[in-house]
Amino acid sequence: MAEVIAMSDNQSDWPEPIIRVQSLSQTCTDSIPERCIKPSTDRASSTTSFSSFDHANIPIIDLANLNGPDPDASSSILKQISDACRDWGFFQVVNHGVSPDLMDKARETWRRFFHMPMEAKQQYANSPKTYEGYGSRLGVEKGAILDWSDYYYLHYLPCSLKDHNKWPSLPFGCREVFDEYGRELVKLCGRLMKILSINLGLEEEILQSAFGGEDIGACLRVNFYPKCPKPELTLGLSSHSDPGGMTMLLPDDQVRGLQVRKGDDWITVNPARHAFIVNIGDQIQVLSNAIYTSVEHRVIVNSDKERVSLAFFYNPKSDIPIEPVKELVTPDKPALYPAMTFDEYRLFIRMRGPRGKSQVESMKSPR
Ligand code: OGA
Ligand code: NI
């Protein structure tokens, strides 16, 4: 407890001066700072399998015929999503209804933001209090080993947290693009929530209601992974599960980097064109009483190309208790987790940074 109090006192500022990884990438051409070097067990090279999983990929699911005239097509799509949620915790969707032009425009506008002069970005420098703005680390532990990435974090929902002044004002017109992107993704997440609810054997609105109905949270983290002279020694983003509800990732269209855990292997995701990569977060693991689990993932970097990704987090209302949905709690399957609000829950990652699945695992009710 003492440790937690000490860390929350620190929340208004970072424990060490912030160094932008993008600047490091420009100055370090043949080595990386000690503080970015991961223990050898965490490096990609030591755990990546080059065996049977070489061509493996997470499932790609086409939503074109969802809710169309053919009910068999719809139920086949639901089944594919159900299997992917159980087997992988991850899948890609194509023909999802979000315009490919908007997707490209959102990603390329963010890329242009990261290519603006440092002074223009620094005016949005964030603090660990809300994380909103331009940042370079997760967690406030002094001396922590850092990831090879910078990011920008902003809120869409609830409306009370959305603040255009905390969004970049340049490149010109970017706020309109990011607004439209957020609206479209909230819609798509709403459709997927219904499907997940039905697939869990629930009425279609149950999961959304458990999230707080219309009062859900939605935020975006744009990840910028600069080129790295020693990619084998570090990670762009350390292994973690997403703390929120569901994540919709728009990956880079040129450069791979996301790896998903499958048993003891790490599978490098091969994104389909104009796909979103969907994954289950810890809050859906809790609500589904672990029928669905949030799966660990991480990002590797490389020495020849930067990578930009947009991670859109669809979260429960932050101050309502989240616990296993009552229909999924039975004498045979008692509730695995106690109730906790998302505000309480996310303090962990905000203070300690990405730590595999340690948080949701540690929450399991003692029995
Ligand atoms: C994240 C994440 C993956 C990526 O932001 O939580 O897992 O490919 N990003 O950038
Ligand atoms: Ni993630």
Side-chain angles (χ1 to χ4, degrees), residues 21-22 42 44 48 57-58 88-93 103 106-107 110-111 114 126 131-139 146-156 181 185 189 217-228 231 234-262 266-272 275-285 292-302 305-315 342 345-346 348-350 352-360:
V21 177
Q22 190 174 9
D42 292 352
T48 306
N57 197 9
I58 58 172
W88 289 88
F90 262 87
F91 53 97
Q92 313 189 35
V93 288
M103 296 170 79
R107 187 184 47 241
W110 276 112
R111 196 190 300 278
F114 283 98
N126 74 348
Y131 277 88
E132 288 166 286
Y134 181 46
S136 297
R137 64 183 287 166
L138 292 165
L146 301 181
D147 291 336
W148 193 266
S149 52
D150 299 321
Y151 63 86
Y152 202 102
Y153 183 72
L154 56 81
H155 287 292
Y156 285 104
Y181 186 78
L185 285 228
C189 288
C219 45
L220 179 72
R221 187 170 68 223
V222 184
N223 300 296
F224 184 78
Y225 305 97
K227 291 186 218 177
C228 178
T234 190
L235 286 170
L237 186 51
S238 295
S239 169
H240 65 283
S241 62
D242 291 344
M246 181 166 72
T247 306
M248 307 285 288
L249 184 87
L250 173 58
D252 199 286
D253 56 341
Q254 304 289 323
V255 186
R256 302 197 305 170
L258 173 63
Q259 295 191 320
V260 173
R261 186 191 272 288
K262 182 76 172 156
W266 289 98
I267 308 298
T268 304
V269 172
N270 208 354
F276 283 108
I277 298 169
V278 185
N279 66 288
I280 303 290
D282 295 344
Q283 304 308 307
I284 289 185
Q285 172 165 336
Y292 294 160
T293 54
S294 59
V295 167
E296 270 177 89
H297 50 287
R298 67 183 186 187
V299 175
I300 55 171
V301 286
N302 71 82
K305 283 200 168 116
E306 70 183 34
R307 178 171 179 270
V308 177
S309 71
L310 278 56
F312 185 86
F313 302 111
Y314 191 79
N315 297 330
F342 185 50
Y345 190 88
R346 69 176 155 196
F348 179 99
I349 193 164
R350 291 193 165 188
R352 293 189 172 78
R355 292 281 174 96
K357 281 207 60 162
S358 56
Q359 183 174 19
V360 68

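Side-chain atoms are counted along with the backbone in the values below, which use heavy atoms only and exclude waters and symmetry mates. Bear in mind that the values here come from a model prediction, so they are computed numbers and not experimental data. Residues: numbered from 1 along the sequence shown. Atoms within a ligand are numbered from 1 in the order they appear, just like the ligands themselves.
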Asker: Once you round to the nearest 0.5 Å, how far does CG of Asp252 lie from CG of Leu310?
Answerer: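 So the CG of Asp252 and the CG of Leu310 are separated by 10.0 Å.
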Asker: Please tell me whether Tyr345 and Asp282 have a donor and an acceptor in their side chains that are separated by less than 3.5 angstrom.
Answerer: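 A donor-acceptor contact under 3.5 Å links the two side chains.
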Asker: Among the N/O/S atoms of His297, which is closest to the Ni ion (ligand 2)? Give the atom name.
Answerer: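 Relative to the Ni ion (ligand 2), the closest nitrogen, oxygen or sulfur of His297 carries the name NE2.
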Asker: When you check the side-chain N and O atoms of Glu296 and Ser241, is any donor under 3.5 Å from an acceptor?
Answerer: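 On atom types as modelled, these side chains do not qualify, holding no pair under 3.5 Å.
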Asker: Have Asp150 and Ser136 got a donor and an acceptor in their side chains that come within less than 3.5 Å?
Answerer: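 Their side chains do contain a donor-acceptor pair, which is all the 3.5 Å distance test asks for.
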Asker: So does Lys227 have more than 12 non-hydrogen atoms from other groups sitting under 6.0 Å from NZ?
Answerer: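 For Lys227, atom NZ is not crowded (no more than 12 foreign heavy atoms under 6.0 Å).
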Asker: What residues come within 4.0 Å of ligand 1, counting heavy atoms only?
Answerer: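 Under the 4.0 Å cut-off, ligand 1 touches Arg221, Asn223, Tyr225, Leu237, His240, Asp242, Leu249, Leu258, His297, Val299, Arg307, Ser309, Ala311, Phe313.
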Asker: So, for Phe312 and Tyr156, is the gap between ring centers shorter than 6.0 Å?
Answerer: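 Between Phe312 and Tyr156, the centre distance is under 6.0 Å.
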Asker: Which residue, Tyr151, Phe114, Trp148, forms the ring-ring contact (aromatic ring centres under 6.0 Å, His included) with Phe224?
Answerer: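 Single pass found, and it is Phe114.
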Asker: Among the N/O/S atoms of Asp242, select the one at the shortest distance from the Ni ion (ligand 2) and name it.
Answerer: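 The closest N, O or S atom of Asp242 to the Ni ion (ligand 2) is OD1.
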